Amino acid sequence: MLFNSYEFIFVLLPVTLIGYFVLNKYKHYTLGKLVLIASSLVFYGYFNPSYLWIMLTSIVLNFLINKALRKVQKHAIRKAMLAGGLVANIAILFYFKYFNFLIFNLNAIASTNFQLINVVLPLGISFFTFQQLSYLVDSYRGDVPDYSFISYTLFVAFFPQLVAGPIVLHGEMVPQFDDIEKKAFNYASFGKGIEAFSIGLAKKVLIADNFGKIVDYGFGNIPSLNSFEAIMTILAYTIQIYFDFSGYCDMATGIAWMFNIQLPQNFNSPYKARDISEFWKRWHMTLTRFLTKYVYIPLGGNRKGAARTYINIFIVFLASGIWHGAGYTFILWGALHGIAQVVNRLFKKSLDKIPFAAAWFLNFIFINVTWVYFRAPSIADAHALLGRIFSGGFGINATLTHTLLQPVFISVPAQFLPLVIVVIAFTVMALAIALFAKNTNERVAAHRPNVKTWIVSYILLVCCVLSLSSVSSFLYFNF
Amino acid sequence: MAEKRWANWFLVAFFATVLLFAAVMYVTDPLLQYGTESPLFTYYEYSEIYSNPGIAQHYKYDAVMVGTSMIENTDVQECNELFGCDMVRLPYSGGTTYNMKTILDICFQSDNTIKTVYWELDEYQLFASSTEPKSPLPEYLYRNDHLEDASYLLNLDIFYHYTVNNALGTLKGKVQPAAREADTWDGTFGKESVLASVARPAVSQTQQQFADAKAQIDGNLNNITTLVAAHPDTEFVFFMVPFSVIYWDHSLRNGEFDSHMDAVLYAMETLLEYDNVRLYFYQNETDIITNLDNYKDYSHYGKWINSFMTQSMAKGHGRVTKDNYRQIIENMREFVYSYDYESIYQGH
């Protein structure tokens with residue numbers, strides 16, 4: 001199911017809220033948790049019930065390994081169990097996500113003719129696999145209390161964060177589900193939740209989806225783009241991916257707040273970053289956290305000398321690239337970010353002397369260019385698009401014009417101003433929001449039940465709900 | 001306390017707004033999803049993809065005409081007079097057989113008894129995808145699934161483009177029924193216009209093969225014949241429209257002409273097997289297609305040509321039968337191969 005759908009907003013969410021808090025009121029806390037789990041299963045299996053088997057198998061498997069690890073003392077066996085568990089989880093992820101990529105490359109290199117398998121990528125598999133890997137490692141280290149199966153399942157499957165993160169750690173989630181004080185409906189939390197959800201939905205429906213139209217056209221018609229269209233396509237994707245992903249996380253955060261649950265922050269105005277290392281402390285923060293804790297530090301972090309530090313950094317970003325997708329574009333994207341991180345560290349003293357504006361600008365260009373590789377169907381296409389920047393020419397193609405004029409918010413201003421001006425204006429506004437406005441987490445922290453927050457939330461939510469009918473899909477859904 | 005008031009008022013206002021909006025959409029029903037034209041409007045904004053399904057479902061008619069932009073200028077009144085029917089016209093610009101089949105399915109599910117289907121058939125439809133529409137359809141308007149009503153009733157874009165425009169048009173005293181019957185294009189006709197509309201292609205080194213496209217063509221013919229077979233009491237009248245000689249020049253130079261004629265022959269053979277099929281062929285109207293004053297680009301003719309075809313069908317001119325279809329195609333091939341295209345381009 002999608003957050004931006006009638007069935008979620010008008011059916012699943014209200015029913016779950018009512019079920020959960022009514023059961024809690026009569027102290028049926030376990031039933032309350034089961035309601036959350038049931039809703040999560042419905043949410044997850046809505047488009048494809050067969051996804052459920054994969055997720056449930058993964059949950060049961062990992063829970064049993066944890067149980068086994070509690071019983072076994074012998075170090076060698078524990079280590080073997082950990083290794084087995086890691087391999088099993090990664091194998092499942094590998095099969096669904098990377099098998100065809102492997103076969104494709106094998107066929108290309110070795111001139112074999114292996115068949116690609118007909119496999120559908122289960123939604124969110126990268127997310128719930130990573131969450132469980134962290135649980136597995138912590139179990140091995142003895143850092144995990146004896147959670148019940150219900151609590152564990154809820155930690156993995158809780159629908160706000162199930163499909164596209166944030167990547168949560170068991171230690172920050174399970175205690176919340178067990179906290180009696182959080183069981184009662186809380187108007188302040190609910191208000192925060194409404195505000196966050198409305199903003200997130202608006203980021204997705206009003207901003208990301210509309211810029212997405214430019215992106216889809218641009219990447220689908222690279223050879224014919226003029227300079228303006230090429231630059232617009234690149235900026236549009238930079239805008240789309242941020243508002244789409246952070247919008248989704250805002251909605252997740254908001255929904256969780258409605259249930260009195262706090263999710264970890266995932267975005268902190270990343271485009272404000274001065275340099276690439278700051279960027280990754282602001283973008284997909286829970287992924288950075290995961291990779292740091294479970295890849296970078298086990299590799300030795302920065303404790304084994306400068307050269308090894310740089311190698312470790314590069315490995316982490318390469319892993320990030322691979323995690324993002326089964327394709328050379330993702331690997332290259334990850335590698336480029338890894339190299340940038342290393343360069344950033346290597347020349348830190350000199351780079352720190354550059355004025356903020358110049359540093360920011362260089363970083364922003366780097367982000368935009370590397371996003372092209374992330375989004376392009378192939379590396380060659382990425383190069384081609386970057387090349388079209390120099391093709392000359394200005395203006396918007398007729399087909400794209402027609403597509404852009406569908407939504408009310410664009411066609412109304414376009415009756416008074418040339419479409420090109422409207423597009424530029426919206427681009428400037430979107431970037432201004434990303435760069436200068438308080439981000440959603442800051443707003444939620446500062447949330448007051450006053451007229452201003454009420455009006456903003458009301459207008460955004462109404463406009464969004466009335467704009468749900470165009471087809472949309474979250475970008476991070478293939479992860 | 002403030003938090004409680006904030007939340008409660010929010011929920012009340014939000015649901016009230018949504019319900020109010022849905023009520024307005026339901027009552028105004030600008031795309032005829034719930035019934036015939038409401039007395040609220042005299043003017044209905046029309047766009048093919050959005051307006052056709054409502055018309056197909058709720059208008060009263062006993063004949064339907066489907067096709068591409070080739071029928072957008074067909075005069076429905078003239079058809080009614082000459083064919084003795086009460087016709088509704090449901091074009092899809094650049095449409096595929098999937099488009100035609102989808103809308104015809106709705107027609108047949110409606111309360112109307114359809115005596116005749118007039119289907120403008122062309123090479124585009126034979127070679128295009130048989131499973132996809134030309135451009136994405138708002139599926140919720142095409143399906144009778146009430147679970148999808150929210151997509152229509154809570155749709156700001158439809159409210160703006162249709163309800164508001166209908167209201168504005170009505171207030172200005174304009175009259176236009178939902179099924180727009182006259183649809184003239186603006187355009188300049190004549191040789192200059194035709195030649196300027198599309199660049200003459202280079203002669204292709206490869207010839208498109210009918211065999212390569214046969215699966216796709218079969219898919220399209222299947223879309224058609226499924227309907228023909230499922231409605232034996234309805235007469236299906238197929239007609240193929242006259243493209244200008246410049247179109248055939250392009251077809252030859254692109255290496256497509258032979259496979260196109262093979263496809264048309266194959267389609268004719270297939271369709272003529274059915275008793276409830278009548279077939280008309282106008283691609284060989286040499287007087288028309290050689291006169292570029294009839295065209296604004298290499299395929300789009302003026303409405304007098306639509307009229308010509310209506311009158312021709314009424315009197316049986318251009319009829320294709322099992323006895324003459326091979327000769328018709330043979331003659332067409334001969335004409336296209338032998339025509340002097342260069343003479344048109346001279347001086348350009």
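Here is the naming used below: chain letters follow the sequence lines, and residue numbers restart at 1 for every chain. Quick caveat: nothing in here was measured; it's all calculated off a predicted structure.
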Open item on the list: Counting heavy-atom pairs under 4.5 Å with chain A, which one of B:Leu154, B:Ile158, B:Asn8, B:Leu147 comes out on top?
Closed with: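 Most heavy-atom pairs within the cutoff with chain A belong to B:Leu154.
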
- [ ] Output the option from B:Trp9, B:Phe159, B:Phe14, B:Tyr152 having the highest count of non-hydrogen pairs under 4.5 Å with chain A.
- [x]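 Among the listed options, the one with the most contacts to chain A is B:Phe14.
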
Task: Distance in Å, B:Glu3 CD paired with A:Arg448 CZ, rounded so as to fall on 0.5 Å steps - done: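 These two atoms lie 8.0 Å from each other.
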
TODO: Sort by residue number and list every member of residues 410-417 of chain A having a non-hydrogen atom under 4.5 Å from chain B.
DONE: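 So the qualifying residues are A:Ser411, A:Val412, A:Gln415.
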
Open item on the list: Among A:Val408, A:Ile194, A:Val451, A:Asn186, which residue has the highest count of heavy-atom pairs closer than 4.5 Å to chain B?
Closed with: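 Among A:Val408, A:Ile194, A:Val451, A:Asn186, the one with the most close pairs to chain B is A:Val408.
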
- [ ] List the steps and the verdict of side-chain contact (heavy atoms from CB on, under 4.5 Å) for A:Phe10 and B:Phe15.
- [x] CA-CA 10 Å; A:Phe10 292 111; B:Phe15 284 107; 3.7 Å; yes

- [ ] Sort B:Leu153 into side chain, backbone, both or neither according to what part of it lies under 4.5 angstrom from a heavy atom of chain A.
- [x]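 B:Leu153 has no heavy atom closer than 4.5 Å to chain A.
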
TODO: Please flag which part of B:Tyr140 lies under 4.5 Å from any non-hydrogen atom of chain A: side chain, backbone, both or neither.
DONE: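 Side chain only.
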
- [ ] Sort and list the pairs that fulfil side chain to side chain donor-acceptor pair (under 3.5 Å) and have at least one residue in residues 450-464 of chain A, not counting sequence neighbours.
- [x]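 Checked against side chain to side chain donor-acceptor pair (under 3.5 Å) - neighbours excluded - the pairs reaching residues 450-464 of chain A are A:Asn450-A:Thr453, A:Thr453-B:Trp6, A:Tyr458-B:Thr17.
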
Task: All pairs passing side chain to side chain donor-acceptor pair (under 3.5 Å) where residues 6-18 of chain A contributes a residue, at least two apart - done: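 Sorted pair list: A:Tyr6-A:Ser469, A:Glu7-A:Tyr46, A:Thr16-A:Ser39.
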
TODO: Return yes when atom NZ of A:Lys183 has more than 12 non-hydrogen atoms of other residues, nucleotides or ligands closer than 6.0 Å, and no otherwise.
DONE: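 More than 12 heavy atoms, drawn from other residues, nucleotides or ligands, come within 6.0 Å of this atom.
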
Task: Steps toward side-chain contact (heavy atoms from CB on, under 4.5 Å) verdict (B:Phe21, A:Val465) - done: CA-CA 11 Å; B:Phe21 189 92; A:Val465 167; over 6 Å; no

TODO: Please report the closest heavy-atom contact between A:Gln406 and B:His161, naming both atoms and the distance.
DONE: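 Shortest heavy-atom separation between A:Gln406 and B:His161 comes out as O-NE2, 2.7 Å.
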
Task: Atom of B:Asp157, atom of A:Pro407 and distance for their closest heavy-atom approach - done: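 Taking B:Asp157 first and A:Pro407 second, the nearest heavy atoms are OD1-CA, 3.5 Å.
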
Open item on the list: Quick test of your reading: applying ring-ring contact (aromatic ring centres under 6.0 Å, His included), list the pairs with at least one residue in residues 179-204 of chain A, sequence neighbours left out, ordered by first then second residue.
Closed with: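 Applying ring-ring contact (aromatic ring centres under 6.0 Å, His included) to every pair that reaches into residues 179-204 of chain A, excluding sequence neighbours, yields A:Phe21-A:Phe185, A:Phe185-A:Tyr187, A:Phe185-A:Phe190.
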
